[in-house]
Amino acid sequence: MTDAREATTAAPRRRREIDPRYALGRTVKYLVLFFFLVLVLIPVYVLLVTSFKGSGDATAARAWALPSEWVLDNWSEAWTTLAPAIGRSLMMVVPASIISAILGSMNGFVLSRWRFKGADVVFTVILFGMFIPYQAVMIPLLQLVLGIGLPSGVPTLIILHVIYGIPITTLIFRNYYQSIPTEMVEAGRVDGAGMLRTYWSIVLPLSIPSFVVVLIWQFTSAWNDFLFAVFFSSAQNGPVTLALNNLANGSILANYGASMAGAILASAPTLIVYILLGKYFIGGLMSGSVKG
């Protein structure tokens with residue numbers, strides 16, 4: 001009886017595997033995926049091969065060709081120019097990501113689990129900050145920063161990235177905390193835990209997936225920012241995006257290879273973060289951080 005039942009269930013599976021329409025659909029799906037993969041990797045290929053070309057070889061006409069002679073001078077020049085700025089970017093994005101994540105977590109907890117009068121209005125006002133174009137407030141913001149005497153460079157950029165990161169971090173944490181069973185929070189209240197105790201002992205240990213999502217998001221956003229860097233820093237105290245722009249402007253007529261190598265170096269930290277933590281980023285999204 002068992003053998004007959006297994007044969008019955010296996011028959012449709014075999015028919016599906018040999019169905020030409022199924023095989024054709026699967027082939028088309030993989031071809032489409034391969035096409036988009038190639039489309040994404042074409043700029044990476046040009047970037048990589050050009051970074052190893054000499055000044056006479058790195059031309060627009062030979063953008064697709066392999067180097068006639070592989071050289072490392074471009075990488076040495078790019079690293080010498082960008083190394084200090086990479087260090088300043090790390091000094092900026094690490095504290096900015098951590099502080100904005102902590103503040104967003106606190107806001108999200110209060111707005112989702114510790115309701116008060118006007119909580120929805122406060123949440124709406126916070127979210128409104130996500131939809132204000134940076135360009136629209138840049139001049140008033142610059143006047144404010146100069147008026148209160150904040151030093152240009154890393155300290156000001158940390159503050160700005162924390163402030164502008166609060167809306168998205170609050171949204172992510174609030175939606176994530178709404179997926180936590182209400183019974184867990186109520187149990188803490190029954191045991192006499194106040195707001196801070198409930199957050200520290202019950203909610204915070206469950207927030208690791210959401211913290212991973214927020215930290216990766218904020219790290220990437222702050223690292224790739226250029227607009228704040230232009231207005232609130234200089235070539236001497238600015239992040240790597242500003243230094244890369246100066247490198248490209250200085251070498252674009254002389255040697256494309258140096259600017260290409262610099263672009264790879266400038267993007268390497270975000271690539272490393274995604275390679276090491278990408279699966280946790282997806283897991284954090286799927287665990288409820290974008291629900292609501």
Original post:
For atom CE of Met138, is the number of surrounding heavy atoms from other residues, nucleotides or ligands below 6.0 Å larger than 12?
Top reply: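 Result for CE/Met138: enclosed.
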
Original post:
Are more than 12 heavy atoms from other residues, nucleotides or ligands located less than 6.0 Å from atom CH2 of Trp70?
Top reply: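 Counting neighbours around CH2 of Trp70, more than 12 heavy atoms of other residues, nucleotides or ligands fall under 6.0 Å, so yes.
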
Pairwise distance [atom1]([X]) to [atom2]([Y]) - rounded to 0.5 angstrom:
X	Y	atom1	atom2	result
Ile102	Ser97	CD1	OG	11.0 Å
Thr220	Asp225	OG1	CG	12.5 Å
Thr241	Ile86	OG1	CD1	11.0 Å
Leu150	Leu160	CG	CG	8.0 Å
Lys53	Asn74	NZ	CG	11.0 Å
Ile126	Asn107	CD1	CG	5.0 Å

**OP:** Let me see the working for Ser234 and Asn237 under side-chain hydrogen bond (donor to acceptor under 3.5 Å, both in side chains), right down to the final yes or no.
**Re:** CA-CA 5 Å; Ser234 63; Asn237 58 17; 3.0 Å; yes

Give the minimum heavy-atom separation between [X] and [Y], together with the two atoms involved.
X	Y	result
Ser207	Tyr176	CA-CE2, 4.0 Å
Pro239	Ser233	CD-OG, 3.6 Å
Val44	Val40	CG2-O, 3.9 Å
Ser210	Ile172	OG-CG2, 3.6 Å
Tyr177	Ser105	OH-OG, 2.6 Å
Ala266	Val240	CB-CG2, 3.9 Å

Original post:
Is the Tyr30 to Phe34 ring centre distance short of 6.0 Å?
Top reply: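 Ring-ring flag for Tyr30/Phe34: false, centres at least 6.0 Å apart.
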
**OP:** Answer with yes or no after comparing the ring centroid distance for Phe173 and Phe109 against a 6.0 Å cut-off, counting only values under it.
**Re:**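 Here the rings of Phe109 and Phe173 have centres that are no less than 6.0 Å from each other.
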
Under a 4.5 Å side-chain heavy-atom rule over Ile, Leu, Val, Met, Phe, Trp and Tyr, are [X] and [Y] clustered together?
X	Y	value
Val137	Phe128	yes
Val71	Leu48	no
Ile216	Leu271	no
Leu33	Leu39	no
Leu265	Ile275	no

Validation row: [X], [Y] side chains within 4.5 angstrom (heavy atoms):
X	Y	answer
Met130	Leu127	yes
Gln218	Ile168	yes
Phe232	Leu141	yes
Gln135	Leu227	yes
Ile264	Trp75	yes
Leu157	Arg88	no

**OP:** Ignoring hydrogens and angles, state whether a donor on the side chain of Arg113 or Thr198 is under 3.5 Å from an acceptor on the partner side chain.
**Re:**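 The answer is no; no qualifying pair exists.
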
Original post:
Just checking, any donor-acceptor pair under 3.5 angstrom between side chains of Ser112 and Gln178?
Top reply: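 There is no such pair (donor and acceptor under 3.5 Å, judged by atom type) between the side chains of Ser112 and Gln178.
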
Original post:
Where does the angle between the aromatic ring planes of Tyr45 and Trp64 fall among parallel (under 30°), tilted (30 to 60°) and perpendicular (over 60°)?
Top reply: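 The arrangement is parallel - the two ring planes meet at less than 30°.
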
**OP:** Starting from the C-alpha separation in whole Å, work towards a yes-or-no answer on side chain to side chain contact (heavy atoms under 4.5 Å, CB included) for Val145 and Phe231.
**Re:** CA-CA 10 Å; Val145 170; Phe231 276 83; over 6 Å; no

Original post:
Going through the distances and angles, do Leu204 and Trp200 end up as a side chain to side chain contact (heavy atoms under 4.5 Å, CB included)?
Top reply: CA-CA 5 Å; Leu204 191 60; Trp200 181 261; 3.7 Å; yes

**OP:** Please lay out, stage by stage, how Leu90 and Trp223 fare under the test side chain to side chain contact (heavy atoms under 4.5 Å, CB included).
**Re:** CA-CA 8 Å; Leu90 289 173; Trp223 185 276; 3.6 Å; yes

Original post:
Under the 3.5 angstrom rule, does the side chain of Thr50 hit a backbone N or O of Leu47 as a donor-acceptor pair?
Top reply: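 Side chain of Thr50 to backbone of Leu47: no pair is present.
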
